[in-house]
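Structure first, commentary second.
Small disclaimer: the values here were computed from a predicted structure and weren't measured. We use all heavy atoms of the structure for the numbers below, so side chains are in, but hydrogens, waters and symmetry mates are not. Reminder, nothing fancy here: chain letters follow the sequence lines and each chain counts from 1.
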There are 2 protein chains.
Amino acid sequence: MSSGSVGIRDVAREAGVSVTTVSHVLNDVPFARVSPETREKVRTTAARLGYGPNRLARALRSRRSGVLGLAIEDVATTPHAGRIILGAEQAARARGYALMVVNIPAQAEADAGPQPALKSSPEPGQHATDPIQAGVESLLARQVDGILYAAGHRRVLQPSATPGKVPAVLLDAVAPDRSLPAVVADEYGGAAAAVEALLAAGHTRIGLLTTAEENHSTRQRARGFRDALQRAGLNGASATGEAASPDASGGYAAARRILAAANPPSALFCCSDSLAMGAYRAAAELGLSIPGNLSVVGFGDEELLAANLHPGLTTVAVPHSEMGAWAANRLIDELESAAAEAGPTPPTGGPDPVRLGCRLVTRGSVGLPDTGKRQP
Amino acid sequence: MSSGSVGIRDVAREAGVSVTTVSHVLNDVPFARVSPETREKVRTTAARLGYGPNRLARALRSRRSGVLGLAIEDVATTPHAGRIILGAEQAARARGYALMVVNIPAQAEADAGPQPALKSSPEPGQHATDPIQAGVESLLARQVDGILYAAGHRRVLQPSATPGKVPAVLLDAVAPDRSLPAVVADEYGGAAAAVEALLAAGHTRIGLLTTAEENHSTRQRARGFRDALQRAGLNGASATGEAASPDASGGYAAARRILAAANPPSALFCCSDSLAMGAYRAAAELGLSIPGNLSVVGFGDEELLAANLHPGLTTVAVPHSEMGAWAANRLIDELESAAAEAGPTPPTGGPDPVRLGCRLVTRGSVGLPDTGKRQP
DNA sequence: CTGAAAGCGCTTACAG
DNA sequence: CTGAAAGCGCTTACAG
């Protein structure tokens, strides 16, 4: 904390005007009438002295801290967290806001039943015992202007209270009553795009590799897959493997089952890159080369996996950075429209969550369907 | 920004005391003499009203924001960033501090030559063009009490100025003149531990897989490897492969070269998990099973890779979370000792960077040396 | 043991 | 077109 200790008063004295005028000029206050010469003089003086406003003082007086709180689940274990932070921070900074981050321990998926709550305090003055609340409260106690809540796994979230509190935007989650703006990835569309790439390459027997334990993501991906097939006049997957565990070893076992069947698929759509990695091993053991004998598409674009596999895995990228940026911008829009008294919530991002498109990243795992002549 | 709008004045009125007394009690001001009854009354009243201090007001008055700035390079692309943030945020929160995060674009490695600068402003009042400066300045403008600077890749950093500015702690980097406290991972020791595990399993011909383009990390890892061998009475790697690219395909080609040589090593120490992934593929193509015919150890413990490989990769974990926590605690120590007028810098973490130990994570890629009877 | 008062550095009605 | 003054909600000497 220092900022150089040159204050608005120094600028005023040096420029021979009042602090009011300095404040008006430097903040471009709309209705302030100041002569161009005075404006110039103030600006020059401020620059010469290296003046920067004390944001704390400004925040205290104006009741706006210019800080966004980001509550992010499992920052350490999900590889997406970094991209979300990047997108949110850059967007916020571009608009003059800063980002305060707290980690929230990941919650179990809970599409039904008791919901994790995005509320601020159980009883006023009590310390929160719920880690979600503790995190959000610590943000609120810091006078953030609004909160970005990024769920580790997409799911329904209950903001059972934000009463009299700050605005919030959900990221990779939706409020059960749709009461909060939310942004999610269009995983359904991403899956469809992956299938279409496979169809375009000529595949008609396409298998699905998913996880036995469903969650919102795998459901959307599997649905996108099935609907795309249907649109192409193909009914359903030619084989479906459900991995017992959502990792490469689960994918391996499930892929072995699929590929060992009679008339196996010539391509595999995998609901995650980890599963796809398992499919690579299964293919190798069965003497199937990728993409010569088998095409594979993953989901997630985990670079560490996808780019390191051989051949590189063609997969669907989830736009985490864009989602972070969208959420930050949406929150700031709301804050600034509220400040401008222009009504509480602009129409953008109304009841339905905004879906941001997933992009297919083409590497080397998709080829033409195997003609039957298997390489030795 | 709201915090419920119940202020210290409300508590004072309700409890029938002055705001001074409330402040003294709630902050446990050392030299304040307040009767136990009054203390109790103030505490109860504050709790009942759900009072929480406005940190902005406190910060403005006390000139301490209670916020740590974390400038982190490449938050989106390095998988370590999340763990650093987690460690730093938790440690900070535990001591009543919050964490403000800015992303810094990664810099090229620069052990010599012009250094990236951790300074605050080129010319007062000018906008910084250097992205590092821009990030650090945006933190400083927010009145953070101190700065944590986390480099993406360990390297020497020049804090060519922090003049009159806040204290800083370096993470995964050192200042050229050792002027700033710093914490790094003991990669040298981690590599030695990996080698020792291989030696303990009985290996004597151990190859080294590293990258052609050296950086501080690979140098330390290779040195740790060589010195551990030497201590065991073995002179040097039985083979060294330098990967043209620091990824799996580079590791693959280099591993092929090593393993194709006459009298190849029975174990491979790889300077990264990506390289190790390439070694797996090389081994598979050569008909070598892991760990039956070849043992492999990686470095980094990238779970997405290490746990998904088959067999699971035994590898060295870098304590990023602990480093984040250490750095935050070190910074807070400095802030609080400065506040207590107890001299500027406590002896902890003096000129030399503190090295935090790397842990060997055992999965399934290390076994006994191949006896020569190769599986069919 | 307790309180009245100044002041952190700004912004914001308000007066002229 | 410009400025004097109040006040955001605290902490901190200081007085009693």
Side-chain angles (χ1 to χ4, degrees), chain A residues 1-42 45-46 49-66 96 141-143 145 339-341, chain B residues 1-42 45-46 49-66 96 141-143 145 339-341:
Chain A
M1 242 181 98
S2 85
S3 189
S5 75
V6 21
I8 195 175
R9 211 153 43 188
D10 302 297
V11 178
R13 188 189 323 108
E14 201 71 12
V17 297
S18 70
V19 294
T20 304
T21 300
V22 174
S23 178
H24 282 169
V25 170
L26 262 24
N27 290 317
D28 283 317
V29 173
F31 297 109
R33 307 275 54 180
V34 182
S35 74
E37 302 80 54
T38 307
R39 297 195 111 87
E40 182 55 20
K41 189 168 49 179
V42 169
T45 310
L49 299 184
Y51 170 74
N54 182 322
R55 311 295 304 248
L56 257 20
R58 171 185 291 183
L60 179 60
R61 180 62 235 253
S62 66
R63 308 185 130 290
R64 312 189 65 239
S65 64
R142 292 291 177 165
Q143 276 76 38
D145 286 338
E341 233 90 354
Chain B
M1 239 181 100
S2 86
S3 190
S5 75
V6 21
I8 195 176
R9 209 151 47 187
D10 302 296
V11 177
R13 188 190 322 109
E14 201 72 12
V17 298
S18 71
V19 294
T20 304
T21 301
V22 175
S23 177
H24 282 169
V25 171
L26 263 23
N27 291 316
D28 283 318
V29 173
F31 296 111
R33 308 276 53 182
V34 182
S35 74
E37 301 82 52
T38 307
R39 296 196 112 85
E40 182 57 18
K41 189 169 47 178
V42 169
T45 310
L49 300 184
Y51 170 74
N54 182 322
R55 311 294 304 250
L56 258 19
R58 171 185 292 182
L60 179 60
R61 179 63 236 252
S62 64
R63 308 187 130 287
R64 312 188 65 239
S65 64
R142 293 290 177 166
Q143 275 76 39
D145 286 338
E341 233 92 352

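- Nearest to the side chain of A:Thr38, among D:dT2, C:dT11, D:dT11, sits D:dT2.
- Look at CZ on A:Arg64: it is 13 Å from C1' on C:dT11, rounded to the nearest Å.
- Ranking C:dG3, D:dC10, C:dG9 by closeness to the B:Thr21 side chain, first place goes to C:dG3.
- Partner of B:Tyr51 under the side-chain contact (heavy atoms from CB on, under 4.5 Å) criterion, chosen from B:Thr45, B:Val11, B:Val42, B:Asp10: B:Val11.
- Phosphate contact (OP1/OP2 of D:dC8, side-chain N/O of B:Asn54, threshold under 4.0 Å): absent.
- Place B:Arg39 and A:Val29 on DNA chain C by their nearest nucleotides, and B:Arg39 ends up nearer the 5' end.
- For D:dT2, the paired base is C:dA15 (Watson-Crick or G-U wobble, both distances below 3.5 Å).
- Closest to the side chain of A:Ile8, out of C:dC10, D:dT2, D:dC10, is C:dC10.
- Between the CD atom of B:Gln143 and the C1' atom of C:dC8 there is a distance of 11 Å, given to the nearest Å.
- Taking every side-chain heavy atom of B:Arg61 into account, D:dT12 is the closest of D:dG3, C:dT11, D:dT12.
- Atom CZ of B:Arg58 and atom P of D:dC8 are 18 Å apart (whole Å).
- Per the geometry, CG belonging to A:Leu60 stands 12 Å off P belonging to D:dT11, to the nearest Å.
- No donor-acceptor contact under 3.5 angstrom links the side chains of B:Thr20 and B:Ser23, judged on distance only.
- A:Ser65 places a side-chain N or O within donor-acceptor distance of the main-chain N or O of A:Gln143, the cut-off being under 3.5 Å.
- Across all strands shown, B:Val17 has heavy atoms under 4.0 Å from sugar-phosphate atoms exclusively, and none from any base.
- Here the C1' atom of nucleotide C:dG9 and the OH atom of A:Tyr51 are 8 Å apart, to the nearest Å.
- The phosphate of D:dT2 (OP1 or OP2) has a side-chain N or O of A:Ser35 nearer than 4.0 angstrom.
- In this entry the distance linking CG of B:Asp10 with P of D:dC10 reads 9 Å, nearest Å.
- Here B:Arg39 contributes atom CZ and B:Asp28 contributes atom CG; the two are 6.5 Å apart, rounded to the nearest 0.5 Å.
- The separation between B:Leu56 atom CG and D:dT11 atom P is 12 Å, rounded to whole Å.
- Residue A:Arg63 places none of its side-chain N or O atoms closer than 4.0 Å to OP1 or OP2 of C:dT12.
- Between the P atom of C:dC10 and the NE2 atom of A:His24 lies a distance of 15 Å, rounded to the nearest Å.
- Put simply, CG on B:Leu60 and CZ on A:Arg61 are 12.5 Å apart, with the number rounded to the nearest 0.5 Å.
- Of the candidates C:dT12, D:dG3, D:dT11, the closest approach to any side-chain atom of B:Asn27 belongs to D:dT11.
- Minimum atom distance to the side chain of A:Thr20 is reached by D:dG3, of the listed D:dG3, C:dA4, D:dT11.
- Ranking C:dA4, D:dT12, D:dG3 by closeness to the B:Ser18 side chain, first place goes to C:dA4.
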Given the rule in the side chain to side chain contact (heavy atoms under 4.5 Å, CB included) test, do B:Glu40 and B:Glu37 qualify, once you have shown the distances and angles that lead to the verdict? CA-CA 5 Å; B:Glu40 182 57 18; B:Glu37 301 82 52; 5.6 Å; no

